[in-house]
Each structure stands twice: as C-alpha cells, then as structure tokens.
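First comes the structure, then the notes that go with it.
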Amino acid sequence: MTIILKISRNSPERALIKQAALIIKEGGLVAFPTETVYGLGADALNAKAVEKIFAAKGRPADNPLIVHIADRKDVYKFVKEVPKEAELLMKKFWPGPLTMVLKKKDIIPDIVTCGLGTVAVRMPSHRVALALIKEAGTPIAAPSANLSGRPSPTDASHVIEDLLGRVDVIIDSGKAYIGVESTVIDLTVEPPLILRPGGLPLEEIEKFLKNVGKEEKSDKPKSPGMKYTHYSPNAEVIVVEGYRGGVMKKVQEIVDEERQKGRKVGVMAVVKGHKFDADIVKFIGSTEKEVAKRLFRALRDFDKEDIQVIIAEGVEEKGLGLAVMNRLRKAAGYNIVEVK
Ligand code: TXA
Ligand code: MG
C-alpha cells in the first residue's frame with residue numbers, strides 16, 4: 001500500500017517530513033519532489049533498500065543512481081577526492097540542479113553505482129527534499145520516480161500514475177520547478193565532461209570552467225543511463241528542427257501524411273503564432289525555460305488523449321534548450337526531420 005502525503009513546498013510540515021523520513025530510515029521507498037523532477041528515494045547506505053528502487057522502477061541493473069545530500073560538506077564523507085573544479089561548482093551551484101560524478105568511497109554500496117568506482121552526488125534545492133534528507137540522517141539514493149523508460153515525473157500525479165502500489169510513500173508538493181533532470185558532469189576526467197545536459201545550463205558552468213567536454217549529437221551515450229530508450233510516451237514522436245521559417249510548414253506536411261494513414265496526430269508547438277491543423281495541438285511555451293517545464297507533462301498528456309504520433313517543434317539549443325532537445329530526440333528514438 002502506498003501512502004500519499006501532501007507536503008507544503010514552501011514550509012514543509014515537520015510531522016509529515018518525520019513520517020516520510022522514518023520510512024527511509026527503515027529501508028522503505030519514498031518518492032519526493034526536487035526542483036528538477038520527482039525522485040524515488042531510499043537510504044543510499046542500505047543496499048537492500050536501494051535494491052527495491054530498481055525493482056519498483058523496472059530499472060536496468062547497470063544504470064547507477066544519484067546520491068542526494070542536504071549539506072555540501074557531506075560530499076567529503078562519500079567521495080575520495082574533491083578536485084578544485086568540483087569545489088568551485090559546489091560553491092556556485094549547490095544546492096541546485098547539478099550532479100557531480102566523483103571517485104567513490106567504499107561506504108557507498110556497489111548497488112548504488114552498479115559497481116563503478118565513481119558516484120554521482122547532488123544537493124537539491126527543493127525545501128522538501130532537503131528537509132527529508134536531513135531528517136532521515138542519511139544520504140538518499142534516487143533516480144527519477146517514473147517507471148523505467150517513461151517520461152520523468154514533474155508532478156506527483158505522474159508518480160502516482162507510474163508507482164502507486166510499488167512504493168511506500170509518495171510526497172505530493174505540486175509541480176517541479178524546472179521540469180528536466182539535473183545536469184550530470186564527470187569530474188574524474190580531464191577536462192570535466194558533461195554526461196547529461198540538464199537543469200543547469202552549460203553556459204552557466206562555462207562561466208567558471210573554461211574547458212568542458214560535451215557529448216556530440218552523433219556520439220555514443222557517455223552516461224550509462226543515456227543508452228536506454230528514454231522519456232518515451234506510448235505515442236511515436238517525430239522532432240522537426242532546423243530553419244525556423246520552414247518548421248511550421250514541414251510539421252503540417254507530416255501531420256497531413258500521418259492523418260492520411262488514419263493515425264491520430266498531436267502537435268507540440270513552441271512558436272507563438274504557429275498554427276496547425278491536427279487532432280490535438282499543445283503550445284507548451286516559447287522560451288526554453290517554459291518548454292523545459294512542460295515537456296514531460298505534455299508527452300504524458302498526449303498519451304492520455306490517445307494520440308498515436310506526436311510531431312514536436314524543436315527549440316534552440318541554448319540555456320535549457322540543450323536539455324530539452326536531448327530529451328526530445330531520445331523520446332523520438334532519433335526520429336528527427338531537419339529543415340534546411
Ligand atoms: O534531477 C535529477 O537528476 C533527478 C532528481 C531525482 O535528482 N534524478 C535523476 O536520476 O534524473 P536518474 O537516475 O533518472 O538519472 C541519473 C543519471 C543517469 O543517466 C545515470 O546513468 C547517471 O546519472 N549516473 C549516475 N551515477 C553515475 C556514475 N557514477 N557515472 C556516470 N553516470 C552516472
Ligand atoms: Mg530517469
């Protein structure tokens with residue numbers, strides 16, 4: 001049975017946090033909000049508890065988890081070395097949507113890192129997440145709180161859809177603030193390497209680190225988790241990107257082709273003033289920030305409306321746009337139409 005706890009995101013109720021933290025201490029599973037997406041948490045130092053995360057999500061056993069802490073200093077308890085660059089990033093961006101991969105100490109069970117010698121650590125900024133970790137008195141291992149392969153949950157209702165009956169507690173604190181997962185950066189290599197673009201824009205990191213490696217469009221996935229089908233709604237997704245002036249026409253062409261095949265077609269639009277004739281048209285915002293916030297929700301909503309094909313307009317790869325395009329292209333299984 002799953003208990004749902006409504007907790008205020010601005011002033012988390014102490015008694016409710018205690019109730020959820022007790023479940024963590026006892027080796028149970030608690031889904032909780034973070035500023036990026038909801039996470040599915042367990043005591044990171046309890047291998048048995050962490051095992052339950054993999055089972056509840058149906059997560060492949062070779063995809064390691066992020067360890068969440070509530071105090072910057074705690075990073076030293078769990079990693080062997082904190083390079084200068086990591087110190088700097090911690091100071092500038094924690095708490096926040098940045099995950100750092102560092103060399104792990106033995107105290108972190110192998111199941112958390114899938115046997116890797118490194119561990120991913122993040123200090124979230126969401127008050128409920130911080131309160132829960134503090135009260136539990138232990139770091140919390142947490143992947144996104146979706147069934148493996150589904151779009152990440154940006155609202156408690158998404159967690160309920162995927163995990164009701166599979167976890168002990170689901171905390172409901174309303175919508176996540178950012179909407180895409182944290183940026184993951186590997187600081188065990190020189191220069192530091194972005195493994196996953198995310199909620200902290202690359203441009204922000206580049207203000208402090210001059211030399212940062214990043215995954216190219218054509219590269220093999222670098223982060224273990226990035227090789228799996230991801231973020232996929234049931235519907236097929238086609239991304240149309242490239243020359244802005246030509247995107248609207250191309251999207252409509254594809255919509256018409258798909259409808260001629262008798263399929264129910266949805267359009268995910270990101271340009272104000274673009275008009276489409278389709279079964280459902282969702283305008284999810286025009287700034288990269290708005291689109292990031294609504295992307296995963298829109299993918300889930302199209303499924304609820306029985307859309308069979310989603311034609312999505314691309315955004316510019318600046319700011320959160322880099323993470324948005326990374327998720328969209330994956331959701332599309334790299335089914336991309338480029339307009340010249
Ligand atoms: O915003 C987020 O990061 C959310 C919230 C809940 O914190 N969490 C999240 O976790 O997105 P997850 O498990 O869905 O994604 C974690 C990513 C995966 O791509 C995984 O492969 C990578 O981080 N990762 C974890 N540990 C790693 C390690 N030691 N080395 C390289 N990549 C690692
Ligand atoms: Mg995930």
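When a ligand or atom number is given, it counts from 1 through the structure's own listing order. Only this structure's heavy atoms are used, side chains among them; waters, hydrogens and symmetry mates stay out.
- Looking at Ser182 and Thr99, their side chains do bring a donor and an acceptor atom within 3.5 Å of each other.
- Residues Phe208 and Lys92 come closest through the heavy atom pair CE2-CE, 3.3 Å.
- Checked against Thr36 for a side-chain hydrogen bond (donor to acceptor under 3.5 Å, both in side chains), the options Arg122, Glu181, His126 give a single hit: Arg122.
- The shortest separation from a heavy atom of Leu116 to ligand 1 is under 4.0 Å, placing the residue in contact.
- The atoms of ligand 1 that sit less than 4.0 Å from any heavy atom of Ile66 are 3 (O), 8 (N), 9 (C), 10 (O), 16 (C).
- For Glu35, the closest heavy-atom approach to ligand 1 does not fall below 4.0 Å.
- Heavy-atom contacts of Ser182 reach the following atoms of ligand 1: 1 (O), 2 (C), 3 (O) (cutoff under 4.0 Å).
- Interface atoms of ligand 1 facing His68, defined by a heavy-atom separation under 4.0 Å, are 5 (C), 6 (C), 7 (O).
- Of all the heavy atoms of Asn63, the ones lying under 4.0 Å from any atom of ligand 1 belong exclusively to the side chain.
- Nearest heavy-atom pair, Ala44 versus Ala141, reported as atom, atom and distance to 0.1 Å: CB-N, 3.5 Å.
- Residue-to-ligand polar distances place Arg196 within reach of ligand 1: an N/O pair is separated by less than 3.5 Å.
- Proximity to Gly39 (heavy-atom distance under 4.0 Å) selects the following atoms of ligand 1: 6 (C).
- In terms of polar-atom proximity, defined here as any N/O pair under 3.5 Å, Arg122 does make such a contact with ligand 1.
- Hydrophobic cluster membership differs between Leu130 and Ile7, with clusters built from Ile, Leu, Val, Met, Phe, Trp and Tyr side chains linked at under 4.5 angstrom.
- Nearest heavy-atom pair across Met123 and Arg72 is SD-N, 3.6 Å.
- The part of Arg59 lying near ligand 1 is the side chain, judged by heavy-atom distances below 4.0 Å.
- Both tests do not hold together for Lys293 against Tyr177: distance to the six-membered ring centre under 6.0 Å, angle to the ring axis within 45°.
- The distance criterion of under 3.5 Å between nitrogen or oxygen atoms is not met by Lys57 with respect to ligand 1.
- With a cut-off of 2.8 Å, the Mg ion (ligand 2) has no N, O or S atom of Ser152 in range.
- Taking every heavy atom of Leu195 and a limit of under 4.0 angstrom, the matching atoms of ligand 1 come to 31 (C), 32 (N).
- By the 4.5 Å heavy-atom criterion applied to side chains, Glu241 and Glu313 are not counted as neighbours.
- The residue among Ser144, Ala129, Gly115 with a heavy atom at the shortest distance from atom 12 (P) of ligand 1 is Ser144.
- Ligand 1 has no atom lying under 4.0 Å from any heavy atom of Lys104.
- No more than 12 heavy atoms of other residues, nucleotides or ligands shown are found within 6.0 angstrom of NZ on Lys175.
- Interface of Thr118 with ligand 1, defined as ligand atoms under 4.0 Å from a residue heavy atom, comprises 28 (C), 29 (N), 30 (N).
- For the pair Glu135/Leu132, no side-chain contact is recorded, criterion being any heavy-atom separation below 4.5 Å from C-beta on.
- Selection from Val184, Leu65, Ile185 by nearest heavy atom to atom 23 (O) of ligand 1 gives Val184.
- Remark: among candidates Val121, Ile53, Val37, Val101, the nearest residue to atom 4 (C) of ligand 1 is Val37, based on non-hydrogen atoms.
- Using a 4.5 Å cut-off between side-chain heavy atoms of Ile, Leu, Val, Met, Phe, Trp and Tyr, with links allowed through other members, Val239 and Val271 fall into the same hydrophobic cluster.
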